[in-house]
Student: 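Take a look at the following structure, please.
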2 protein chains.
Amino acid sequence: MDERSRRKILDVLRVLSESDKPLGGTRIAHALALAGKDMSQRTIRYYLSITDEEGLTQQVGRRGRQLTSVGRRELETAYVVDKVGFVAARAEALIFGMDFKLRQGRGKVVVNLSVLRAEDLPRAKAVMRRVFRAGYSLGDRLLIGRPGQKVGSYTPGPGEVVVATVCSIAINGVMLDEGVPMTNRFGGLLQVSDHKPLRFTQIINYDGTTLDPLEIFIKGRMTSVSQAVATGEGVIGASFREIPAPAAEKARRLAGRLERVGLGGIILVGRPGQPLLEVPLATGRVGLVVRGGLNPMAAVEEEGIVTTNRAFSQLLPFEQLSRWEEVLA
Amino acid sequence: MDERSRRKILDVLRVLSESDKPLGGTRIAHALALAGKDMSQRTIRYYLSITDEEGLTQQVGRRGRQLTSVGRRELETAYVVDKVGFVAARAEALIFGMDFKLRQGRGKVVVNLSVLRAEDLPRAKAVMRRVFRAGYSLGDRLLIGRPGQKVGSYTPGPGEVVVATVCSIAINGVMLDEGVPMTNRFGGLLQVSDHKPLRFTQIINYDGTTLDPLEIFIKGRMTSVSQAVATGEGVIGASFREIPAPAAEKARRLAGRLERVGLGGIILVGRPGQPLLEVPLATGRVGLVVRGGLNPMAAVEEEGIVTTNRAFSQLLPFEQLSRWEEVLA
DNA sequence: GCAAGAGGCGGCAATCTTGCCGCATACGGT
DNA sequence: ACCGTATGCGGCAAGATTGCCGCCTCTTGC
């Protein structure tokens, strides 16, 4: 069984799970069409015959198929791996909860939380300092919380410290507040050469995973932020966003203002109709590349220091973060 | 050749057209992946062998394939039918151009323009009146321009009149201004029963056409707005939108305020995680149903009066529109 | 109670896709 | 000039999809 097919089967099962009555190919096809997925009735029946065999569904006379309890359970387990739109949804919720005002340079922003062992902190600080100094972070601030010091809703236990860094979706929040609707296209690894972005080597769409792409890449040690910082050649975390073409100029201006309040992170703003870093765009849209907020932690992890990262973690008032020069001294 | 395959082939050709050098399966697959379309290299080569035969592409040694001039032309023609994202892009541009302020109830909004023969106007007015009175329109205003009276950038010629109605995407604009990012899911025909929405019977995704869905349905005489107005049972134009779940409450409040300023049109606001009118939603999103701004014109067309409609037409200051009771007297 | 229509089912046979493979080039570096 | 790597090509065959059909089984209206 093909990964692709499996996914389609899940789509079919999902429709069944949302209905209390048995459904047949036609109705299911209709429901899927509404969800933007085209599949012929015949194909659906074909899949259903497979799931029948697997015991996930069963026929109810000629009235259609129903999920069996096994099928229902299967769907729930599958959801864990395939919670489509989960990260995307969480991101949106957090963005909506922001109240950061560009003018005042204060208000709640979305942060990532990373936890590491207290004994590793000095080394980690040295690494992060290099990353911040080279401008490979998102913004110029962070917050380090020691045991007992509450950071948002997280309190590091004994022997732990927690590091809060601004999350790249905070940019979306600010843009939205300024009337620019920014959508996430994907997150991935960006190859840089001579400190300039070259192209994405790996991408993961936000709406296909339960983890932030960068978290995955950090865990997989697929980044080389330190090298990028040191030599200008390396692979860092970044994400690709889109905005409506008429908003491009405004976005460019906002990028500058963000920089000035300590939220710089927009590396590139494309031109209307032009692919950006080889990424094709729909007519009327322009692309942007934003640095990953977890890049400093990626560098830390590269040094062999164990970290636990939680992107899109929570909201924190920007004022609580301090400039890196102060914290990482 | 299958419609589906044809579309995929166009995707492949499009990639080729954006490159100046010849490309092979691998690079094309990579580019398509960035665009969110998965296709194996092999499949792409398979398609390329087809287009080779059709003379749309040609091999350049072992360096890859290139579009021929025939292929380039083909792509352009195909674009007319398949200008993906064209309407969506236009809609976004217009939304971004709005400056309507909910508080003041004034500012530019997106309108549809409809042209009809002056001699039909009295009859049309009677029809539209019924639609507006029954609340099947978007908002309670419109503008009728006679020959010589400029409406936006359009001046009706002799014997013509032009009718401007508020376009349903104006709602998106207001929402955006209030910090709620609203995305268009699809437009379609909504079956109503007892004046209440029942379900969508036809849908067209915005990003797959060059025409506004409702325009198409009006031309095809597939609506029965008059009947809906008269008996409560019928089929009207409507569209389906989505917003982030945390914004649902705010949207509900805004719907009321919109109503009060004369921009009422939100028929339904869903509940987080619940399908709305059978339309499934991603986790963390809620659906909304908005009446089509062209419904009054649909009713007019149903009466056999010839109209030309242009949805997403242009921006017009809301103050220039008058309440229907005044204009349609 | 009966006919019509909607919707469901699965066999069969075309097509469409894709994985696997062996082989040919193109390009950069030594 | 020579080698290694990346990329390209298309044959073959196994799956995956889907159209076409003939045949059931409810529901509904009369």
Student: Leu16(A) has an atom CG; how far is it from atom P of dG8(C), in whole Å?
Tutor: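 These atoms are roughly 11 Å apart.
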
Student: Using a cut-off of less than 4.0 Å, is there contact between a side-chain N or O of Lys8(B) and OP1 or OP2 of dT17(C)?
Tutor: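 It does, given that an N or O in the side chain of Lys8(B) lies less than 4.0 Å from OP1 or OP2 of dT17(C).
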
Student: With nearest nucleotide decided by heavy atoms, which residue, Arg42(B) or Gly24(B), maps closer to the 5′ end of DNA chain D?
Tutor: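 Closest to the 5' end, via its nearest nucleotide, is Gly24(B).
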
Student: Nearest whole Å is fine: how far is dC21(C) C1' from Gln41(B) CD?
Tutor: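 For the pair Gln41(B) CD and dC21(C) C1', the rounded distance is 13 Å.
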
Student: Counting side-chain heavy atoms from CB outward, which of dA16(D), dT18(C), dC16(C) is closest to Tyr47(A)?
Tutor: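 Nearest nucleotide to the side chain: dA16(D).
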
Student: Is it true that Arg14(B) and Asp11(B) make a salt bridge, defined as a side-chain N closer than 4.0 Å to a carboxylate O?
Tutor: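 Salt bridge: yes.
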
Student: Taking CD1 from Ile28(A) and P from dT17(D), how many angstroms apart are they, rounded to a whole number?
Tutor: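 Interatomic distance, CD1 of Ile28(A) to P of dT17(D): 15 Å.
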
Student: May I ask you to say whether Arg6(A) pairs ionically with Glu54(A), meaning some side-chain N is under 4.0 Å from a carboxylate O?
Tutor: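 The answer is yes: the pair qualifies as a salt bridge.
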
Student: Test Pro197(B) against every option in Leu276(B), Val289(B), Leu190(B) by the side-chain contact (heavy atoms from CB on, under 4.5 Å) rule and name the one that passes.
Tutor: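 Looking at Leu276(B), Val289(B), Leu190(B), the match for Pro197(B) under the side-chain contact (heavy atoms from CB on, under 4.5 Å) is Leu190(B).
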
Student: Could you tell me how the ring of His195(A) sits relative to the ring of Tyr136(A): parallel (under 30°), tilted (30 to 60°) or perpendicular (over 60°)?
Tutor: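 Aromatic pair His195(A)/Tyr136(A) classed tilted.
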
Student: Measure from the side chain of Arg62(B), starting at C-beta and using heavy atoms only, and say which of dT18(D), dC9(D), dT17(C) lies closest.
Tutor: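 Per side-chain heavy atoms of Arg62(B), the pick is dC9(D).
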
Student: Rounded to the nearest angstrom, tell me the gap between atom CD in Gln66(A) and atom P in dG8(C).
Tutor: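 Spelled out: CD on Gln66(A) to P on dG8(C) is 14 Å.
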
Student: Below the 4.0 Å mark, does dG7(C) have OP1 or OP2 next to a side-chain nitrogen or oxygen of Arg65(A)?
Tutor: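 Indeed not, no polar side-chain atom of Arg65(A) lies that close.
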
Student: Are Arg221(A) and Glu301(A) close enough for a salt bridge, meaning some N to O gap below 4.0 Å?
Tutor: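 Judged by the 4.0 Å cut-off on N to carboxylate O distance, Arg221(A) and Glu301(A) do form a salt bridge.
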
Student: Take atom CG of Leu48(A) and atom P of dT18(D), then tell me their distance rounded to the nearest Å.
Tutor: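 For the pair Leu48(A) CG and dT18(D) P, the rounded distance is 13 Å.
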
Student: Over how many whole Å does the gap from Arg7(B) atom CZ to dT17(C) atom C1' extend?
Tutor: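 Distance check: Arg7(B) CZ to dT17(C) C1' gives 19 Å.
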
Student: Given dC9(D), dG11(D), dT17(D), identify the nucleotide with an atom nearest to the side chain of Gln59(B).
Tutor: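 Minimum distance to the Gln59(B) side chain belongs to dC9(D).
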
Student: Just to be sure I understand the rule, does Arg63(B) reach a base, reach only the sugar-phosphate, or reach nothing, if contact means heavy atoms closer than 4.0 Å?
Tutor: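 The answer is sugar-phosphate, as Arg63(B) gets under 4.0 Å only of primed atoms, P, OP1 or OP2.
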
Student: Measure distances between side-chain N and O atoms of Arg45(B) and base N and O atoms of dG11(D), and say whether any donor-acceptor pair falls under 3.5 Å.
Tutor: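 Not at all, since no donor on one side and acceptor on the other fall under 3.5 Å apart.
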
Student: Using whole Å, what does the distance between atom C1' of nucleotide dT17(C) and atom CZ of Arg6(B) come to?
Tutor: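 Result: 17 Å.
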
Student: If I take atom CD1 in residue Ile9(B) and atom C1' in nucleotide dT15(C), what distance separates them, rounded to the nearest angstrom?
Tutor: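 The distance from CD1 of Ile9(B) to C1' of dT15(C) comes to 13 Å, rounded to the nearest Å.
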
Student: Could you please name the option among dT18(D), dG19(C), dT17(C) that lies closest to any side-chain atom of Thr43(A)?
Tutor: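 Among the listed nucleotides, the one closest to the side chain of Thr43(A) is dT18(D).
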
Student: Looking at the side chain of Tyr46(A), which of dG8(D), dA16(D), dT18(C) is the nearest nucleotide?
Tutor: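 Nearest listed nucleotide: dA16(D).
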
Student: Can you tell which of dG8(C), dG8(D), dG19(C) lies closest to the side chain of Thr26(B)?
Tutor: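 The answer is dG8(D).
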
